[in-house]
Amino acid sequence: MEERFEPNIVAFLCNWCSYAGADLAGTSRMQYPPNVHIVRVMCTGRINPLFVVNAFQQGADGVLVSGCHPGECHYREGNYHARRRFTLLRELLVFTGVDRRRFNMSWVSASEGAKWREVVREAVEMAREAGPFEQFRREMIGW
Ligand code: FES
């Protein structure tokens with residue numbers, strides 16, 4: 001039997017909403033794919049686009065950015081900046097030949113554990129369909 005490809009997903013989550021939503025999913029014992037490696041940041045506005053590129057270089061098959069819903073950022077406008085920045089980054093990635101399904105953004109609040117579960121399932125499924133990502137992979141000396 002052929003083994004199913006299990007993609008590595010790196011998720012950058014803001015501390016106040018999406019990380020708390022993911023935590024709620026965990027404490028509520030919701031089942032979701034274990035393929036996601038979470039990086040907690042204070043706000044999506046803190047996420048440098050190079051973090052995303054770096055994640056791909058270090059072996060991610062998909063990257064997810066998630067934060068507070070528009071209008072609910074704890075730093076007022078961080079997620080508006082992030083939304084603009086990552087809309088552009090996605091188009092740039094696609095321009096360089098990266099499959100659109102490898103990069104996703106979503107808004108998940110602290111009370112949306114079930115939504116977080118769905119966002120993860122969707123991101124994993126899309127990365128699985130896109131297949132292993134080698135294009136940006138950098139040889140990591142000593143890893
Ligand atoms: Fe959550 Fe800014 S604090 S996106």
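Only a predicted model underlies this, so the values are computations on that prediction, with no experimental measurement involved. If you read the sequence from its start, that first residue is 1, and numbering goes on from there. First listed ligand is number 1; within each ligand, the first listed atom is number 1.
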*Asks:* Working to the nearest 0.5 Å, report the span between NE2 of H69 and CG of N79.
*Replies:*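 Atom-to-atom, H69:NE2 and N79:CG are 10.0 Å apart.
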*Asks:* Using modelled atom types only, decide if a donor and an acceptor are shared between the side chain of R101 and the backbone of A127 within a distance under 3.5 Å.
*Replies:*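 Side chain of R101 to backbone of A127, a donor-acceptor pair under 3.5 Å: no, none is there.
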*Asks:* Do F86 and F103 have ring centres separated by under 6.0 Å?
*Replies:*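 So the answer is yes for these two rings.
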*Asks:* Heavy atoms only: give me the nearest V63-A55 pair and the separation to one decimal.
*Replies:*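 V63 and A55 have their closest heavy atoms at CG2-CB, 3.9 Å.
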*Asks:* Around atom 2 (Fe) of ligand 1, list the protein N/O/S atoms within a radius below 2.8 Å, excluding water molecules.
*Replies:*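 Protein N/O/S atoms under 2.8 Å of atom 2 (Fe) of ligand 1: C43 SG, C73 SG.
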*Asks:* Within the distance-only criterion (no hydrogens, no angle test), does the side chain of R117 pair as donor or acceptor with the backbone N or O of M30 below 3.5 angstrom?
*Replies:*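 No: the side chain of R117 does not pair with the backbone of M30.
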*Asks:* Quick one: does T87's side chain have a donor or acceptor within less than 3.5 Å of a partner on R83's backbone?
*Replies:*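 Judged by distance alone, yes, a pair lies under 3.5 Å.
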